[in-house]
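This one's a predicted model, so the numbers in the text were calculated from it and none came from an experiment. We number each residue from 1, following the sequence as shown.
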Amino acid sequence: MKNFFTLILLSLSLISCNFNKTQNEKDMADKKDSIEIKFWSGNRTQIRQDYERLVLKAVLEVTEKDFGLWKIKETAIDLPGDTESKVFSEKNFDLFVTIAGNQKFKNQEVHVIKEPLAKNLLGYRIPIVNEKVSKQFHSEAKASDLKVLVHGIPETWSDVEIFEENGYSVLEKGSLDNLFERLSKDEFDYSAFGANEILSVFKHRASKFENLEIAQGILFYYPFPMVFYVHPHQKKLAERLEIGMERIQKNGKLDSIFNSFYATLIEDLKLNQRKILKLENPFIPEAFKTLQPDLNSINN
């Protein structure tokens, strides 16, 4: 009888070992079959990185059955100067998020996914100002009043050309890391940020300087939607993102992510109490030229 039970235990042990071996082999196979996606997320604020990463994960999850397993290899290092334009050609990343019509890629072949990630929130630009000029950003301010002030923008940022094309004075210099120290020292008068990032930018960066504040009376607006740009050789990945963005738009996942970040944005920034100064974006692709200010869409 003792030998019988010993045989039973031995058999169960062998079954368990075989099961674990099979499971480990499956895990190894799954890992091996996963597609590694090289995602660049530099040259942007932390809140944008967090938001864009969540949208990408949602897109990959909803397309997993059709296109297979995946893993993201994210690199958040900043690329100074003109290096951003080489994110595909030299750095060999697979994708990143940028504004539609990014002029750094105007002569390059890229796949552009046309579904915006964040409802053009980046196009609602709110100034962080030096307190010496804060009274000039009142709700009755005219564009001509503000064009005499100097808008400080870090080097290579895409909105430099837009403000210049609309007749605003721009100082393109430095980086986000030194922007607010320079603003506090009166090197320029203000710097505008998207409604999707300004509270985070002010809290973690600008608020360190007592003479800086968020302007209360106005906001600038122009079509400036964030979209995925994909490496020209990654046609299948581009197809996956196109399908995935359409699916998370239809199933409500994109709205869910958006609301988890920005549900109270209109109240927090008093967007409906600000005067909107519209700018033309001459670089925007045809598909986005009809975008207009629409605060109702932010709540939906």
Side-chain angles (χ1 to χ4, degrees), residues 41 43-55 58 97 99 116-141 143 146 149 151-154 157-159 162-163 176-177 179-180 183-184 189-227 248-249 252-279 291-300:
S41 62
N43 290 20
R44 69 207 62 232
T45 55
Q46 181 68 52
I47 192 170
R48 276 189 58 188
Q49 289 174 336
D50 295 342
Y51 182 88
E52 292 164 13
R53 185 186 310 112
L54 281 178
V55 173
V97 178
I99 52 95
L117 274 71
K119 301 184 180 182
N120 197 43
L121 265 191
L122 197 62
Y124 294 82
R125 310 294 285 187
I126 298 174
I128 294 176
V129 304
N130 188 300
E131 64 181 7
K132 289 183 179 180
V133 299
S134 63
K135 291 182 179 180
Q136 293 178 247
F137 290 84
H138 54 82
S139 59
E140 300 301 320
L146 302 181
L149 302 177
H151 183 180
I153 303 178
W157 280 28
S158 300
D159 45 350
I162 295 173
F163 276 90
L176 180 61
D177 290 331
L179 183 73
F180 298 110
L183 176 56
S184 72
D189 300 302
Y190 69 98
S191 189
F193 289 83
N196 59 325
E197 59 188 357
I198 189 167
L199 291 174
S200 175
V201 169
F202 188 83
K203 177 181 177 181
H204 296 294
R205 293 179 180 267
S207 63
K208 297 175 184 178
F209 303 94
E210 293 183 357
N211 62 337
L212 303 185
E213 58 188 72
I214 297 175
Q216 297 300 312
I218 67 105
L219 64 82
F220 301 106
Y221 174 88
Y222 43 88
F224 211 51
M226 300 188 304
V227 295
I248 66 171
Q249 175 67 38
K253 181 63 176 179
L254 184 58
D255 281 341
S256 177
I257 296 172
F258 183 90
N259 290 334
S260 71
F261 280 74
Y262 305 122
T264 62
L265 197 66
I266 290 179
E267 294 79 10
D268 294 342
L269 291 172
K270 297 181 173 60
L271 294 182
N272 54 0
Q273 298 177 32
R274 294 174 180 268
K275 180 178 182 178
I276 298 177
L277 298 176
K278 292 176 64 175
L279 281 69
L291 284 173
Q292 296 293 326
D294 182 9
L295 296 180
N296 290 329
S297 71
I298 297 175
N299 278 334
N300 295 333

Quick one: [atom1] on [X] to [atom2] on [Y], what's the gap to the nearest 0.5 Å?
X: Gln273; Y: Ile266; atom1: CD; atom2: CD1; value: 11.0 Å
X: Leu269; Y: Thr264; atom1: CG; atom2: OG1; value: 8.5 Å
X: Leu265; Y: Asn259; atom1: CG; atom2: CG; value: 11.0 Å
X: Thr45; Y: Ile198; atom1: OG1; atom2: CD1; value: 11.0 Å
X: His138; Y: Ile218; atom1: NE2; atom2: CD1; value: 10.0 Å
X: Tyr262; Y: Asn196; atom1: OH; atom2: CG; value: 4.0 Å

TODO: Test Tyr51 against Phe258 for side chain to side chain contact (heavy atoms under 4.5 Å, CB included), laying out the working first.
DONE: CA-CA 8 Å; Tyr51 182 88; Phe258 183 90; 3.6 Å; yes

Task: Heavy-atom neighbours of Glu267 CD exceed 12 at 6.0 Å - done: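 Correct, the count exceeds 12.
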
Open item on the list: Is it true that, when you exclude Lys275 itself, more than 12 heavy atoms of the residues, nucleotides or ligands shown sit nearer than 6.0 Å to its NZ?
Closed with: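 It does: Lys275 NZ has more than 12 such atoms within range.
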
Taking all non-hydrogen atoms of both residues into account, name the closest pair between [X] and [Y] and its distance.
X: Ala58; Y: Ile248; value: O-CG2, 3.9 Å
X: Tyr222; Y: Leu279; value: CB-O, 3.4 Å
X: Lys119; Y: Ile298; value: NZ-O, 4.2 Å
X: Ile257; Y: Leu54; value: CD1-O, 3.7 Å
X: Met226; Y: Ala118; value: CE-CB, 3.6 Å
X: Leu277; Y: Ala141; value: CD2-O, 4.0 Å

Open item on the list: Going by salt bridge (charged side-chain N to carboxylate O under 4.0 Å, His left out), name the pairs with one or both residues in residues 199-214, residues two or more places apart or in two chains.
Closed with: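 As it turns out, the salt bridge (charged side-chain N to carboxylate O under 4.0 Å, His left out) pairs with a partner in residues 199-214, which skip direct neighbours, are Asp177-Arg205.
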
TODO: State, with a plain yes or no, whether a side-chain heavy atom of Gln216 is found less than 4.5 Å away from one of Arg274.
DONE: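 Gln216 reaches Arg274 side chain to side chain.
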
TODO: Decide yes or no for Ile214 and Phe137: does some side-chain heavy atom of the first lie under 4.5 Å from some side-chain heavy atom of the second?
DONE: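 In short, these two side chains do not touch, never coming nearer than 4.5 Å.
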
- [ ] Look only at the side chain of Asn211 and the backbone of Ser184, and say whether a donor-acceptor pair between them is shorter than 3.5 Å.
- [x]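 Confirmed, Asn211 side chain pairs with Ser184 backbone.
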
- [ ] Determine, using ring centers only, whether Phe209 and Phe180 are less than 6.0 Å apart.
- [x]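 Here the rings of Phe209 and Phe180 have centres that are no less than 6.0 Å from each other.
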
- [ ] Return the orientation label for the His151 and Phe220 ring planes: parallel under 30°, perpendicular over 60°, tilted otherwise.
- [x] parallel

Task: Check against side chain to side chain contact (heavy atoms under 4.5 Å, CB included), Val55 and Val97 - done: CA-CA 10 Å; Val55 173; Val97 178; over 6 Å; no

Open item on the list: Determine whether Asn130 and Asp189 satisfy the following criterion, side chain to side chain contact (heavy atoms under 4.5 Å, CB included), listing intermediate values before the conclusion.
Closed with: CA-CA 6 Å; Asn130 188 300; Asp189 300 302; 5.8 Å; no

Open item on the list: I need the single residue from Leu179, Asp159, Leu122 that forms a side chain to side chain contact (heavy atoms under 4.5 Å, CB included) with Phe193. Which is it?
Closed with: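 Exactly one option meets the side chain to side chain contact (heavy atoms under 4.5 Å, CB included) with Phe193, and it is Leu179.
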
